[in-house]
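Excluded from the calculations below are hydrogen atoms, water molecules and symmetry mates; all remaining heavy atoms, backbone and side chain alike, are included. Just so you know, ligand 1 is whichever comes first in the structure, and atom 1 is the first atom listed for that ligand.
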Amino acid sequence: MKKYKLKSISRLSPSSFELVMEPVDIKNGLDFYPGQYISLSVRNGSKKSTFRCFSISSAPSNDGEIRVGVRSGSRYTKLLEQAELNSLVEIDGPFGEFTPDLEEKRPLILIAGGIGVTPMISILESLQVYKLNRPTQLFYFNKSSDDIPYLEKIKGFNKSRIFVSGSFKEDNSLEVGELCQESLSEALPEKLGSSADYYICGPAGFMKKATDILRNSGVPEANIITESFSSTSKNQSVFSSLSFATYILAGFLIAGSITAFAAKDFVKNLLKENDSRESENEVIDNTNNYYTDESSTNTHQQPSGSQSTQRSSTYQSPRSTAS
Ligand SMILES: Cc1cc2nc3c(=O)[nH]c(=O)nc-3n(C[C@H](O)[C@H](O)[C@H](O)COP(=O)(O)OP(=O)(O)OC[C@H]3O[C@@H](n4cnc5c(N)ncnc54)[C@H](O)[C@@H]3O)c2cc1C
């Protein structure tokens, strides 16, 4: 677990904001690959928030600074938005394999919907900062031209196309359009050949649609990589809990001497007990939403099918290569 502190909070769009965090000890910052995510918890006095995952939206840097872009709107994200500057932030990770090799020469196509653009920002910024030449194009889809996270930054990236499907205000850098075969046409195998890699991140329906378009256009399955922001937190919080595993083991030892029916009842009761313990840990009242006592064990949110292994890539984070 790395210790960071909250350096600043700034607005990205009406419904999103960015947290900038710096390591408490500069020598102990996080090494990560562009596109990876972290799990974080913010401290407020003697309480700390539950953990949530956020894709890193900055390039690896020597000072260890990390940015995350957050879609506001829930009680949890409000807690982050209202956190006091210099609050301690505990960071676990990095996680994930949404990490294209930026030294490859084959085309890289990034397809993002809404706040799903955060890992793409890290990837695009890394290409720029470290002068890597992988040919890359971003296709970015939003509902309203008034609410586009990272709009100004994206305008600065070469070859980005930003589509708006709903409310549209005239802007030369924006196009009216939605995710469909036509809007992606210049990135499909007919134009690009079959060697491009496609990285997709956005709401579940958006990712399914993008994947379907790519498959139907003949993109090989192995070249389609997705990142899901929806968690299987309920399952994870039950099955990844160490204390729960201990209970299960004990349950099976006892179950050896009782009937199969009784054993089934026993495990069922343990499951219930663990569930209620977790809801006690996650304090949800009007004043302290999502804060837990410091002493409690926070369970980490993980995305569906997530892995905590780092992708082996020839591209190294500058923090790990810096002498
Ligand atoms: C890999 C990954 C990357 C992500 N990147 C971003 C990003 O860059 N930007 C962004 O805005 N969002 C991102 N998210 C989504 C983010 O983690 C939150 O899910 C989102 O902010 C909504 O949080 P929430 O608490 O409102 O709801 P959810 O996380 O959807 O939780 C819904 C409910 O489940 C329960 N719950 C959830 N987790 C736990 C837990 N650990 N213990 C107990 N109960 C729990 C709570 O009661 C909660 O109300 C990412 C998610 C993943 C998995």
- Query: Does ligand 1 have any atom sitting under 4.0 Å from a heavy atom of Val70?
  - Reply: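 So Val70 counts as touching ligand 1.
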- Can you figure out which of Cys53, Ser55, Ser230, Ser15 has its heavy atom closest to atom 16 (C) of ligand 1?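 Nearest option to atom 16 (C) of ligand 1, by heavy atoms: Cys53.
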- Task: Would you mind finding which of Tyr76, Phe51, Phe229, Tyr37 brings a heavy atom closest to atom 13 (C) of ligand 1?
- Result: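 Checking each option, the heavy atom nearest atom 13 (C) of ligand 1 is found in Phe229.
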- Is Thr118 touching ligand 1 with its side chain, its backbone, both, or neither, if touching means heavy atoms under 4.0 Å apart?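 It is the side chain that touches ligand 1; the backbone stays farther off.
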- Query: Using heavy atoms and a threshold below 4.0 Å, how should the contact between Pro119 and ligand 1 be classified: side chain, backbone, both, or neither?
  - Reply: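 It is neither part, as no heavy atom is under 4.0 Å.
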- Where at least one partner belongs to residues 106-117, residue pairs that pass salt bridge (charged side-chain N to carboxylate O under 4.0 Å, His left out), sequence neighbours excluded: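 For residues 106-117: Glu104-Arg106, Arg106-Asp197.
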Residues 214-222 side chain polar contacts: donor-acceptor under 3.5 Å, at least two apart:
from: Arg215; atom 1: NE; to: Glu221; atom 2: OE1; distance (Å): 3.1
from: Arg215; atom 1: NE; to: Glu221; atom 2: OE2; distance (Å): 3.0
from: Arg215; atom 1: NH2; to: Glu221; atom 2: OE2; distance (Å): 2.8
from: Asn216; atom 1: ND2; to: Asp212; atom 2: O; distance (Å): 3.2
from: Ser217; atom 1: OG; to: Gln181; atom 2: NE2; distance (Å): 3.3
from: Ser217; atom 1: OG; to: Ile213; atom 2: O; distance (Å): 2.6

Distance under 4.0 Å to a non-hydrogen atom of [X]: what atoms of ligand 1 satisfy this?
{"X": "Thr77", "answer": "21 (O)"}
{"X": "Ile115", "answer": "9 (N), 11 (O)"}
{"X": "Ser228", "answer": "1 (C), 2 (C), 52 (C), 53 (C)"}
{"X": "Arg71", "answer": "10 (C), 11 (O)"}

- Message: Using modelled atom types and a 3.5 Å cut-off, is there a donor and acceptor pairing between side-chain atoms of Gln82 and backbone atoms of Leu79?
- Response: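 Side chain of Gln82 to backbone of Leu79: no pair is present.
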- For Lys153, look at atom NZ and say whether over 12 heavy atoms of other residues, nucleotides or ligands are found less than 6.0 Å away.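 Check passes, neighbour count above 12.
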- Task: Could you tell me whether Lys2 and Glu90 have a side-chain N and a carboxylate O separated by less than 4.0 Å?
- Result: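 Result for this pair is no, no salt bridge flagged.
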- Arg52 NZ/CZ over Tyr76 ring centroid, <6.0 Å and within 45° of normal: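 Yes, Arg52 and Tyr76 form such a contact.
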- Message: If I apply the N/O under 3.5 Å rule, does Ser74 come out as touching ligand 1?
- Response: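 Looking only at distances, the answer is yes, because the N/O contact criterion of under 3.5 Å is met.
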- Could you please spell out the steps behind the side-chain hydrogen bond (donor to acceptor under 3.5 Å, both in side chains) verdict for Ser230 and Ser228? CA-CA 5 Å; Ser230 56; Ser228 168; 3.0 Å; yes
